*Asks:* 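This is the structure I want to talk about, given as structure tokens.
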Amino acid sequence: MNCVSRRRFIAGSISVVGSGLALGALGAIAGCTNGKSTLPKDLQLVQRFPQVLVPGNLRLPVSLATSSGVLSTTGDFKFPETLSAKIVDLSTDKVITENISAQLHKVNMPIPYYPFRTTISAVGNYAIVVDGGPSEGTAFSVLPRDQVD
């Protein structure tokens, strides 16, 4: 497995782990323009999946956050119906998967999420980077199956 510096990995995954969620560092978010949601550069992602995964078909749900907390359906923010993203190999900075998209899931839940799906067959350190979101995305590791409980 290619090595990634601890600093590089942490930059993509600054988080507080609790209740199975890894919360990204929280940034500010703008309102709506012409009825469409805007995602400023400093938006952060909330991982709703473990940071350590195994190779195969992966489900990578993420929510959106601001400096005041995770965005919910009770606020004024207009969530985009679809988000697009890419998966980046952090050891090479190469995009390994482009143009994956996820539909907003918000029915009967206060904190909506976008469930991205992709296949990663190689172990390594990766980031999911949402179009219009933070350039570092949110990091996660794919480890050999026998190394994960």
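Just so it is clear, the model here is predicted, and its values are computed rather than measured.
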*Asks:* Report the C-alpha separation of Lys86 and Val88 in whole Å, then their side-chain angles, then the decisive distance to 0.1 Å, and conclude whether the side-chain contact (heavy atoms from CB on, under 4.5 Å) test is met.
*Replies:* CA-CA 6 Å; Lys86 61 187 173 187; Val88 176; 4.2 Å; yes
*Asks:* Working to the nearest 0.5 Å, report the span between CD1 of Ile100 and OG1 of Thr97.
*Replies:*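 One gets 6.5 Å once the value is rounded to the nearest 0.5 Å.
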*Asks:* What heavy-atom pair brings Ala139 and Leu90 nearest, and what distance separates the two atoms?
*Replies:*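 Heavy atoms only, the tightest pair is CB-CD1, 3.9 Å.
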*Asks:* Measure across Val46 and Ala65 and return the closest heavy-atom pair with its distance rounded to 0.1 Å.
*Replies:*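 Result for this residue pair: CG2-CB, 3.6 Å.
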*Asks:* Does the side chain of Leu58 reach to within under 4.5 Å of the side chain of Phe140, using non-hydrogen atoms?
*Replies:*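 Heavy-atom side-chain distance check passes, below 4.5 Å.
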*Asks:* Side-chain contact test, heavy atoms from C-beta onward, threshold under 4.5 Å: evaluate it for Leu64 versus Val70 and give yes or no.
*Replies:*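 The answer is no, as the side chains (C-beta and beyond) never meet within the 4.5 Å cut-off.
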*Asks:* Measure the acute angle between the ring planes of Tyr114 and Phe79, then classify it against the limits of 30° and 60° as parallel, tilted or perpendicular.
*Replies:*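 Taking Phe79 first and then Tyr114, their aromatic rings sit tilted (interplane angle of 30° to 60°).
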*Asks:* Hey, quick one: are Met109 and Ile111 part of the same hydrophobic cluster, counting side-chain heavy atoms closer than 4.5 Å, chains of contacts allowed?
*Replies:*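 No: no chain of side-chain contacts under 4.5 Å links Met109 to Ile111.
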*Asks:* Would you call Leu83 and Asp131 a side-chain contact if the rule is heavy atoms closer than 4.5 Å?
*Replies:*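 Heavy-atom side-chain distance check fails, nothing below 4.5 Å.
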*Asks:* Report yes or no: does Ser141 contribute a side-chain atom to a donor-acceptor pair with the main-chain N or O of Leu143 at less than 3.5 Å?
*Replies:*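 Judged by distance alone, no pair lies under 3.5 Å.
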*Asks:* Using a 4.5 Å cut-off on heavy atoms from C-beta on, say whether the side chain of Leu60 contacts that of Leu53.
*Replies:*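 In contact.
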*Asks:* For a quick test of reading the model, state the closest non-hydrogen atom pair linking Ile120 to Ile87 and the distance between them.
*Replies:*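 Smallest interatomic distance, heavy atoms only, reads CD1-CG2, 3.9 Å.
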*Asks:* Once rounded to the nearest 0.5 Å, what's the spacing between atom CD of Glu81 and atom CG of Leu104?
*Replies:*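 Output value for this atom pair is 5.5 Å.
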*Asks:* How close do Val123 and Pro144 get, heavy atom to heavy atom, and via which atoms?
*Replies:*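 Shortest heavy-atom contact: CG1-N, 3.4 Å.
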*Asks:* Compare all side-chain heavy atoms of Ile96 with those of Tyr126 and state whether any distance is below 4.5 angstrom.
*Replies:*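 A side-chain contact under 4.5 Å exists here.
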*Asks:* According to side-chain contact (heavy atoms from CB on, under 4.5 Å), who are the partners of Ser101, at least two apart in sequence or on a separate chain?
*Replies:*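 Partners of Ser101 under the side-chain contact (heavy atoms from CB on, under 4.5 Å) test: Thr82, Ser84.
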*Asks:* Please report the closest heavy-atom contact between Pro112 and Arg48, naming both atoms and the distance.
*Replies:*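 So the two residues come closest at O-NH1, 3.8 Å.
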*Asks:* In this structure, are over 12 heavy atoms from other groups packed under 6.0 Å from Asp149 atom CG?
*Replies:*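 At most 12 heavy atoms, drawn from other residues, nucleotides or ligands, come within 6.0 Å of this atom.
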*Asks:* I'd like to check the side-chain contact (heavy atoms from CB on, under 4.5 Å) partners of Arg59; sequence neighbours left out, ordered by chain and number.
*Replies:*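 Once residues adjacent in sequence are excluded, the partners of Arg59 under the side-chain contact (heavy atoms from CB on, under 4.5 Å) criterion are Pro61, Tyr113, Pro115, Arg117.
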*Asks:* Where do Val54 and Val142 come nearest, in terms of heavy atoms and distance?
*Replies:*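 Result for this residue pair: C-CG1, 3.7 Å.
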